[in-house]
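The block underneath contains the structure these notes are about, expressed in structure tokens.
Counting convention: from 1, in listed order, for ligands and their atoms alike.
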Amino acid sequence: MARSKVNFDRDWGFYQGELHIPYAVKGGMTGGITDTDSLREGEWLDIAYHDKGMSEQQLEWTAVSLPHDWCVEQEYVRDEGLGSRDGSHGYLPGGTGFYRKTFALPADADGSKWNIRFDGVSGTSTVWVNGHLIGSHQGGYIGYSYDLTDVLRYGEEGMNVILVKVDATECEGWWYEGCGIYRHVWLESTDCLHVAEYGTYITTPEVAKEQASVHLSTRIRNDYTEGKQISLHTVIYDADGIQVGEGTAEAYADWYAEVELEQSFCVEQPNLWSPESPYLYKAESVIRVAGQKLDRYETVFGIRSIRFDSKEGFFLNGEPLLIKGTCNHQDFAGVGVALPDSLIEYKLKLLQEMGSNAYRSAHHPPTPELLDICDRIGMLVMDENRKLDSSPNGLSQLSRMLYRDRNHPCVIIWSLENEEVLEGTLTGARVLKTLADWTRRIDPTRPTCAAMNHGWHENGYNDAVEITGYNYGHRQDVSIDLHDHERYPDRLMIGSECASYTATRGIYEDDPVKGYCSEYGTNIPSWGCTPQQAWSDLVQHRFLTGVFMWTGFDYRGEPTPHLWPCINSHFGLMDTCGFPKDSYYYMQSVWREEPMVHVLPHWNWPGSEGKPVEVRVFANTDTVELSLNGRSLGEQQVDTNGYLSWEVLYEPGELQAAGKRGGHVIAEKTVVTAGQPYQIALFPDRLEAQADGSDTIPVRVAVLDKQGYVVPAADHEIRFEVTGAGALLGVGNSNPSSHEPDKSVLRRAFNGWCLALIQTSAAAGAIQVRAVAPGLASAEVVLQSVSE
Ligand code: GAL
């Protein structure tokens, strides 16, 4: 049977709570199965949940699709005694849950190898299949897989039952982690002779405009009980499907063993991968035995070279490139950590629109689809290992990340840890060295890095890795300790974490009671700095290589500087819904070429007439002229990498910033005093989506006055009615102190905006989205869900 990979996200049952499953191991009863033989469809296996005195069928299983995060469905609780996690984790309960799925396989499936792959399951997860205890996995951030070949039932043997226990009681990190099978699950099958799991490794040792060498090493696994003489035929295709390389290698594959084959190719006039031109090639590997095709495997890769220099920073394909990065956790409004792929892509698109070219997956490996998207759209990645841990589990987690991700052209740095407590200690240095050695063994083509709370010169800690990652300067007037460059001129340095600038979207005065921080940046933490500081440091000191701003998006948990009622962080350049804060526009002004101007604050200050208001402007033009109600307030020379500021006596009306180059206006931004709230407006990110039951369209929702201007402080409660070929997946408003549920048809606007996520169903058709609120004219939009 040919290789297949089937998405296994649909039709799971979910039970929230604890169930006691006895680990009976007795003649086929492993895992507490009371009956194993003669099962037919409809005759389910009973796993005896002893403490409930119930059988599996009697339990109430809620139908769910993956990815799924049950944490985000709970109510916020402050009391840790009630099982709530603390503020760091967003004040939502953890706990235990079970997932169960039944499926049938055809009789001819027998004889193939069958594997189940979980891309990410929270906490500690345990898997039983047809009553057999298959394995337990500790660690919620890297995938794992199990060979199920022996324990599956084929054809007439009956249905298969898979049960997964997710124990998310303990936390691994200090941010919102979610609970559940929150990434994809796949059922894979191959012939007994096949390319091993993550068995291809493609490198491009020599890259030039005229030609590039491509090296491919392929691990082939033979699970037959006899050795085989095999041939491996590899074809390299360009993005148009045109063959640009070909080769055949032969080997003897011993039984129950792996054999590794090496092949080299030369690609003429290669299209090099870069953020501007993310060109991808594909290698197709076909394995044959005595002329019979047994496996076909595809590997997507890019041709590019990377180099880091202790004085001049980063070079991609021989050209210097400033790394304009953000650090990000993985959650989003409305879904917790269970993001459909399209929402991951949406987040990356928003980052790119801000001008960012690099992503740090803090503080763990990302979901595999994120890297696929980064390859495709041209986003560089600092791929991060979860922990400073060289135990067998720690090394296994690191290895799985490396094998899984080493063919992605987007990945340019392996980060081995972030601010773990052992940093700078002798033990920590030993552990880090082991992780770094391990990494160099598996992929010597990218440098290792650790994101350190300090430069850590003690005990040779930072010498264990090639790049010292600096998290902050621990003073607000520097982004990192730049003097280290003079002290250690040969050290490769990078701003692995910068800024931590706390701001709440649409807020211009600190409010400790509500837990809001002004967008003017009057409440940033002592270790952090402004985005202006972080960026200027990099521009003036190329040896710094790049900055990764903490963070691209606000995330649940780690409410800083205020705890309850705050439930999420304020560090983002965008909020939890992906709405831009003012500093997003600062980044745009220095990260993008296109002329732009941004003005803050909004222009609704009733009661402040005649009082001074600080107006700030971010722009990348030569000068900016500010005017209020048609009167010029003066023209200022743009402060490259900084911002402009005017003190303006407030009067309602129109505040306009005109960005000029050579005396001509090339960009403009006007903020207008809005009138009374009058209507709702819906702004879908797209009008069309795939009818696959997963694709999700974010719809931005605004409260407008009669003229169509956003009312800056509007907080109306909006009800969503979704009918047709889709459903409401979740809502959000990014108010860091809102305790409204994200799984609801209701959401208040926060400072004029909220968000609704509309997910398609599997059948194509129109989706009607209506938004209503008392006292406001309603809004409606029709989206189309289409089959491919
Ligand atoms: C860093 C840490 C991040 C986050 C950040 C907040 O020290 O690595 O995970 O906690 O501080 O400023």
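Atom 10 (O) of ligand 1 has its closest protein heavy atom at Glu558 OE2, 2.4 Å. Summary of contacts: the protein heavy atom closest to atom 9 (O) of ligand 1 is His363 NE2, 2.6 Å.
For atom 2 (C) of ligand 1, the nearest non-hydrogen atom from the set Met452, His329, Glu497 belongs to Glu497.
Of all atoms in ligand 1, listed by their number and element, those nearer than 4.0 Å to a heavy atom of Phe571 are 6 (C), 12 (O). Atoms of ligand 1 found under 4.0 Å from any heavy atom of Asn471 (numbered from 1 in listed order, with element): 8 (O). Taking a cut-off of under 4.0 Å to the non-hydrogen atoms of Glu419, the atoms of ligand 1 that pass are 1 (C), 2 (C), 7 (O), 8 (O). Under a 4.0 Å criterion applied to the non-hydrogen atoms of Ser500, ligand 1 contributes the atoms 6 (C), 12 (O).
Atoms CD1 and CG, on Ile412 and Leu380 in that order, are 4.5 Å from each other to the nearest 0.5 Å.
Taking the ring centroids of His474 and Trp527, they lie at or beyond the 6.0 Å cut-off.
Judged by distance alone, with hydrogens and angles left aside, the side-chain atoms of Thr504 form no donor-acceptor pair with the main-chain N or O of Ile507 at under 3.5 Å. In terms of modelled atom types and a separation under 3.5 Å, the side chain of Asn471 and the main chain of Asn453 share no donor-acceptor contact.
A salt bridge links Asp484 with Arg491: the distance from a Lys NZ or Arg NE/NH1/NH2 to an Asp or Glu carboxylate oxygen falls below 4.0 Å.
Not a single N or O atom of Asn453, backbone or side chain, sits closer than 3.5 Å to an N or O atom of ligand 1. Among the atoms of Tyr555, none of the N or O lies under 3.5 angstrom from an N or O of ligand 1.
At a 4.0 Å heavy-atom cut-off, ligand 1 does not touch Thr560 at all.
Not a single heavy atom of Trp175 lies less than 4.0 angstrom from ligand 1.
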Item to check | ring pair (Phe, Tyr, Trp, His ring centres under 6.0 Å) between His363 and Trp174, intermediate numbers included | outcome: CA-CA 10 Å; His363 302 304; Trp174 51 92; 5.4 Å; yes

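Relative ring orientation between Tyr346 and Phe332 is described as perpendicular, the plane-to-plane angle rising above 60° on a 0-90° scale split at 30° and 60°.
A cation-pi geometry, defined here as NZ or CZ lying under 6.0 Å from the six-membered ring centre and within 45° of its normal, holds between Lys347 and Phe553.
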